[in-house]
Amino acid sequence: MTLVEIIPSLRASLPPALNGDVWPAGARWADHGDLVVGGVSLTGLATAHGAPAYVIDETDVRLRCRQYLAAFGAERVAYTAKALLSVGVARWIADEGLNLYVGSAGELRVAQAAGFPMDRVVLYGSAKTPEDLDSAYTAGVGTIVVESLSEITRLAATAPAGQRVLLRVLAGPEPAGLSDNRFGPRIGTGEAEAAVARIAGQPSLRLVGYDCSVGHQVSRFSVYEREVRRIVEFCAAMHARHGAAVTQVNLGGGHAVVYSGADLGFALDAFAGRIRAVLHLELDRHRIAEPALTVSPGRAIVSRAGLTLYRIMSVIRGQDGRRVVAVDGGMTDCPVAALCGGAHTAALIGRASRADLAPATVVGRHNDIDDVVVPTLVLPADVHPGDLLAVAGTGAYHHSRACNYHLVGRPPLIGVAGGHARTLVRRESLADLLSRDADHCGA
Ligand SMILES: Cc1ncc(COP(=O)(O)O)c(C=O)c1O
């Protein structure tokens, strides 16, 4: 029996328990309700850097990279940059030995600035622009993912000789509920085979494997197992009919993370074991020795490592008596729950409160109906303007999806590790915002 169970009144005076699936590894409460992440006081960080601010725990990112490498093996894991990218983050990923999936000339430029080895970079995207492709050719990216039949001719005419390509395929009829606007020639319709034959006919392109993407926030293994079965069967058929012997199948990412205790998450080691077993069974069945499997998670590498600090600006009582807490950020820096795939967990930080806990909703500063940061949580009933709130699980798709709606500057990205905080990306200033306005006279 815990102390709180024996003396229930203690509950209100204790900070909430930190679920290790939700908060960065090593996050801990300190005196006066302070939260410490990466050895850094978040109250102190908010004083030094202001709010809102994104905080990313380098140690947690590196830990996740190592867990993935341990589960899948060296050269079998890539990080998908669109979840979160800065020069500093790219250096952590490079150091840890992961490959990198980039989706634009911009992401590629950041990778170059980080000194990321270009042979470990993969360019993907269903609508690559001439700028994306030219940048990739100039930089010498290792691999390009081909995502439509029409793209093959274009690549063949422009890519350097011997360009390695992966072919993005859709592995069968779309399961109910998934969008039908995903790109990639479909197996079983003749499209994917036509794409293989077309690539085989292009001396400048070298088909090294297939690539797929099954969705986001996926907890169940069955969807990946189905992809492996169909793609290995396809590999065997393409080898037999077109001599296309590939070495690699990338299963993408989509591995679910835990935003709150209600979420399932993703059992990484069990997944790696299961998917390897399915692969070996299928390779034996089709009497081929390759391909090997790779993965390219985004969210699962950085989500838990990140949190956002907000300052509470006002508190009102909603019609149902629930507190509505408005913070100094919102939908511009925190994509709505539907986009990020879950409802976040948050905690009051920076002071110890003995008040009872009461339900609350955290909204942003933008006055829009969907400007909700956390739909439902419990906070001490004495929460008031000036308090600090830490929202967990914002490492993925928050910084990278932030926008300037209401002409609000985007928050800084602060890296923490070993007791030190370092600005990775500075706060966007009003001068930054005005600098793009061609009618601004500089006054
Ligand atoms: C090829 C590929 N891998 C990985 C991802 C990342 O997904 P997640 O961040 O959910 O892991 C995507 C996203 O669309 C993708 O296209």
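Predicted model, so just to flag it, every value in this text is computed and none were measured. For ligands, and for the atoms within them, numbers begin at 1 and follow the listed sequence.
Without hydrogens or angle criteria, T423 side chain to V425 main chain gives no donor-acceptor distance under 3.5 Å. Side chain of T345 to backbone of A392: no donor-acceptor contact under 3.5 angstrom is found. Y79 places a side-chain N or O within donor-acceptor distance of the main-chain N or O of L84, the cut-off being under 3.5 Å.
Among protein heavy atoms, atom 15 (C) of ligand 1 sits closest to S213 OG, 3.9 Å. The protein heavy-atom contact nearest to atom 11 (O) of ligand 1 is G254 N, 2.8 Å.
For the residue pair D432 / S435, no side-chain donor-acceptor distance below 3.5 Å is found, with atom types taken as modelled. A donor and an acceptor atom, one from each side chain of T361 and R323, are nowhere located under 3.5 Å apart. Side-chain atoms of E428 and N404 include a donor-acceptor pair closer than 3.5 Å.
The ligand atoms of ligand 1 that sit less than 4.0 angstrom from a heavy atom of G253 are 3 (N), 4 (C), 11 (O). Every atom of ligand 1 is numbered from 1 in the order shown, and the set under 4.0 Å from a heavy atom of Y397 is 6 (C), 7 (O), 8 (P), 9 (O). With ligand atoms numbered from 1 in the order given, ligand 1 contributes 16 (O) to contacts under 4.0 Å with heavy atoms of Y124. Those atoms of ligand 1 that come under 4.0 Å of a heavy atom in K82, given as number and element, are 13 (C), 14 (O). The contact set between ligand 1 and S296, taken as ligand atoms under 4.0 Å from a residue heavy atom, comprises 1 (C), 2 (C), 3 (N), 4 (C), 5 (C). Short contacts between ligand 1 and P297, defined as distances under 4.0 Å to a heavy atom of the residue, involve ligand atoms 11 (O).
Not one N or O of G215 is nearer than 3.5 Å to an N or O of ligand 1, by distance alone. For ligand 1, one of its N or O atoms has an N or O atom of G298 under 3.5 Å away.
Relative ring orientation between F266 and H255 is described as parallel, the plane-to-plane angle staying below 30° on a 0-90° scale split at 30° and 60°.
Partner of E225 under the side-chain hydrogen bond (donor to acceptor under 3.5 Å, both in side chains) criterion, out of R274, R230, R220: R274 alone.
Between atom 10 (O) of ligand 1 and the options H216, R299, R168, the minimum heavy-atom separation is to H216.
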